[in-house]
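Positions are given from 1, in the same order as the sequence printed here.
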Amino acid sequence: MDRTGANFDAVVAEMRRKLGAYAYPVVLPIGKEDKFKGVIDIINQKAIVYDEADPEGLRYNITEIPAEMKDNARLALEELIDAVSNKDDQIAEMVIMEKKISPNILKTAIRRLTIALEFVPVLCGTAFRKKGVQPLVDAVVDYLPSPLDVPPAEAHDPLDFEKTLTVKTSDHGKFTALVFKLWSDPYVGKLVFIRVYSGTLKNGDTVYNPRIRKRERINRLMMIQADERLELDKVHAGDIAAVVGLKNVTTGDTLCFEDSAVLLEPPTFPEPVISMAVEPKTKADREKLTTALQRLSEEDPTFRCFTNEETGQLIIAGMGELHLDIIRDRLLREFKVEAFVGAPQIAYRETITKASKGEGKFIRQSGGRGQYGHAIISIEPNTRGAGVEIVSKVVGGTIPKEYIAPTMAGIKEAIDTGVLAGYPMVDIKVSILEGSYHEVDSSELAFKMAGIFALKDAAKNANPIVLEPVMKVEVSTPDEYQGDLLGDLSRRRGKVSSIEAKADITLLNAEVPLAQMFGYATAIRSLSKGRASYSMEPSHFEPVPASVLEVILEKSEPKVSRTV
């Protein structure tokens, strides 16, 4: 509410219009922008006013509603009760019988509707000044579901992944927890954050990780609240806790007891869209850099670190320029590692536009036993976003069963290196049709090489193209800078999808190639005298224009031959 152009009523209206949400305020703002002072609790008809002398927003007073806002607060309560009564029979009956609806009864009804996904309570505040945060946290307790209010979690049998199981939330069930975050703490070392779905866990218990099939002893349990660490003896179903000292654990792992092993569904993470080379400033920093990057990649599943086999460079990859800037800052601040960072590189992808067949033969004669592998494959475009599928349609034993897997491995390796500019291929379907083998000379290596050659041969005739990541960009700007920013987005190959006017603010929604967004934070500040802001998130991949493709292929020529 302290941002320029903040408009509470307009946002609630947008939630209803754009998102189709049955959204109604449970608080009203007192003032806005630099005059935002607090909020009105509609249900209790009280004002929460923050102490202007406290920049942290920790001190506030609960007072009577200012006289000029009493009518608005009363009308908001009537509208809230009317909205709830349209969905909740108990409140509807009380309205018809003209009974008084107490705050507790109204809150209970809002909770029922919220858990049923039929109602969206709306609150406001400012995170930076922490005004309105306390009512928000209270609303989480009052309206959002506890673990007992949601359906049991779905899980899989570690020995038969196709078999689904349910994990009911109960202290008396078998212990099951999901690792959702790792964190390197300067005081206690590696912290593993878990959410307990079922059962209880005590200090001294031994937990089992079904992914790596190993057991580990729990020595310390903690509850983390901001910078406070509270030692625990036991955690129960529904708790979020931190475990100290677990090894070989990654985000998404399940922790349970060995006699009741299950695999909970792990969270999914998007693929990185930007990468850059990093190298230590001194030899002394080299080992520290490797350790630090490994720790950071464990903490953040959207951050990747790997070595480029062709150049030998250490590559870091993430979700955007700011993401990698923060990683670099943490290297220096937390791990005391100074490093040079190269120019950002875009995570391009390759794909095909038509079906094709290809043949790969690997024949070597060297005096003794030779090498012989032969495979014929077909490839076709897959649905956008469906990924890579490799299947075997070999019949009659033209390729023996023991050589099918090596052939697939070769095809996968060729897919990972692409055929145009060395970028991984996506959204293709590969079928191994037939081949031939030699009783003596055939080997796994020969069929792996045959798979590589077959994929390269088929892709050359399937009209391969390069795809670039496109970002969804939302720009918020005062009206007078709208033209300048629209022109700048057009120069960046952006496609403006909508322009919305809100009071004195204009929202520009556009799709812009990531390659054109480097340095945009500086550009938007200079074009708007620091008054505009933007947000950006990955959207999809699109074929690159011919002019951009030429530049990409020129850069790739030294390392990848392009006979297409």
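Judged as a side-chain hydrogen bond (donor to acceptor under 3.5 Å, both in side chains), the pairs with a partner in residues 35-61 (not counting sequence neighbours) are, in order, Asp41-Asn44, Lys46-Glu64, Tyr50-Gln134, Asp51-Arg59, Glu56-Lys130. Here side-chain hydrogen bond (donor to acceptor under 3.5 Å, both in side chains) pairs that include residues 160-183, with residues two or more places apart or in two chains, number zero.
Take Arg217 and apply the salt bridge (Lys or Arg N to Asp or Glu O under 4.0 Å) test, not counting sequence neighbours, and it matches no residue. With sequence neighbours excluded, no residue forms a ring-ring contact (aromatic ring centres under 6.0 Å, His included) with His323. A search for side-chain hydrogen bond (donor to acceptor under 3.5 Å, both in side chains) contacts involving Lys529 returns nothing, not counting sequence neighbours.
The 12-atom threshold is exceeded at CZ of Arg333, counting heavy atoms of other residues, nucleotides or ligands nearer than 6.0 Å. For Arg16, the CZ atom counts as densely surrounded, since its 6.0 Å shell holds more than 12 non-hydrogen atoms of other residues, nucleotides or ligands. For Glu258, the CD atom sits in a packed shell: over 12 heavy atoms of surrounding residues, nucleotides or ligands are nearer than 6.0 Å.
In this structure, CG on Leu324 lies 8.0 Å from OG on Ser275, to the nearest 0.5 angstrom. Distance OG1/Thr250 to CZ/Arg211: 4.0 Å, rounded to 0.5 Å. To the nearest 0.5 Å, atoms CG (Leu182) and OG1 (Thr251) are separated by 4.0 Å. Atom CE of residue Met517 and atom CD1 of residue Ile274 lie 11.0 Å apart, to the nearest 0.5 angstrom. Atom NE2 of His236 and atom CG of Asp239 lie 7.0 Å apart (nearest 0.5 Å). We find the NZ-CG distance between Lys234 and Leu221 to be 11.5 Å, quoted to the nearest 0.5 Å.
Shown here for Leu527 and Tyr481, the closest heavy-atom pair between the two residues is O-CD2, 3.5 Å. For the residue pair Val49 and Ile30, the shortest heavy atom distance occurs at CG2-CD1, 4.2 Å. Residues Phe36 and Lys131 approach most closely at O-NZ, 3.2 Å, considering heavy atoms. The shortest non-hydrogen separation linking Cys124 to Val27 is N-CG2, 3.6 Å. The shortest heavy-atom contact between Leu514 and Val273 is CD2-O, 3.1 Å. Here the closest non-hydrogen pair linking Pro210 and Pro158 is CB-CG, 4.0 Å.
Without hydrogens or angle criteria, Arg384 side chain to Phe541 main chain gives a donor-acceptor distance under 3.5 Å. Although no hydrogens or angles enter the test, the distance criterion places no donor-acceptor pair under 3.5 Å between the side chain of Asp142 and the main chain of Arg111. Remark: side-chain polar atoms of Asp233 are not paired, donor with acceptor, to backbone N or O of Asn203 under 3.5 angstrom. In this structure, Arg220 contributes its side chain and Glu231 its backbone to no donor-acceptor pair below 3.5 Å. Between the side chain of Thr254 and the main chain of Leu264, a donor-acceptor pair closer than 3.5 Å is present. A donor-acceptor distance shorter than 3.5 angstrom exists from the side chain of Arg492 to the backbone of Gln516, with no hydrogens or angles considered. Checking side-chain atoms of Asp2 against main-chain N and O of Glu33 turns up no donor-acceptor pair under 3.5 Å.
Using a 4.5 Å cut-off on side-chain heavy atoms (C-beta onward), Lys190 and Glu298 make contact. When side chains are defined from C-beta on, Leu255 does not count as touching Ile218, because their heavy atoms never get closer than 4.5 Å. Counting heavy atoms from C-beta on, the side chains of Phe193 and Ile224 come closer than 4.5 Å. Side chains of Pro152 and Val167 form no contact here, defined as non-hydrogen atoms less than 4.5 Å apart. Residues Val512 and Tyr520 form no side-chain contact, since every pair of their non-hydrogen atoms from C-beta on lies 4.5 Å or further apart. A 4.5 Å side-chain heavy-atom check between Glu216 and Tyr208 finds every atom pair outside the cut-off. The shortest side-chain heavy-atom distance between Leu331 and Leu293 falls under the 4.5 Å cut-off. In this structure, the side chains of Gln482 and Leu508 come closer than 4.5 Å at one or more pairs of heavy atoms.
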Take His156 and Glu265 through the test side-chain contact (heavy atoms from CB on, under 4.5 Å) and record every step on the way to the result. CA-CA 8 Å; His156 299 276; Glu265 197 73 38; 3.0 Å; yes
Are Glu321 and Met536 close enough, and set up right, to give a side-chain contact (heavy atoms from CB on, under 4.5 Å), and what steps lead you there? CA-CA 11 Å; Glu321 207 173 2; Met536 179 172 73; over 6 Å; no
Evaluate Glu480 against Arg531 for salt bridge (Lys or Arg N to Asp or Glu O under 4.0 Å), listing each step before the verdict. CA-CA 11 Å; Glu480 60 262 39; Arg531 296 183 63 196; 3.0 Å; yes
Test side-chain contact (heavy atoms from CB on, under 4.5 Å) on Tyr197 and Val262; report intermediate values, then the result. CA-CA 12 Å; Tyr197 279 80; Val262 296; over 6 Å; no
List the steps and the verdict of side-chain contact (heavy atoms from CB on, under 4.5 Å) for Ile505 and Asn7. CA-CA 10 Å; Ile505 294 292; Asn7 189 325; over 6 Å; no
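A salt bridge is absent between Asp325 and Arg328: the closest approach of a Lys/Arg side-chain nitrogen to an acidic carboxylate oxygen does not fall below 4.0 angstrom. Between Lys18 and Glu500 there is a salt bridge, since a side-chain N of the basic residue sits under 4.0 Å from a carboxylate O of the acidic one.
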Counting only pairs under 3.5 Å, give me each side-chain donor-acceptor contact of residues 71-84, with atom names and distances, residues two or more places apart or in other chains.
from: Arg74; atom 1: NH1; to: Glu78; atom 2: OE2; distance (Å): 3.4

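A side-chain donor-acceptor contact under 3.5 Å links Ser533 and Arg3. No hydrogens or angles considered: a donor-acceptor pair under 3.5 Å links the side chains of Asp479 and Thr506.
Aromatic ring pairs are classed by plane angle as parallel below 30°, tilted from 30° to 60° and perpendicular above 60°; the pair Phe119 and Tyr24 is parallel.
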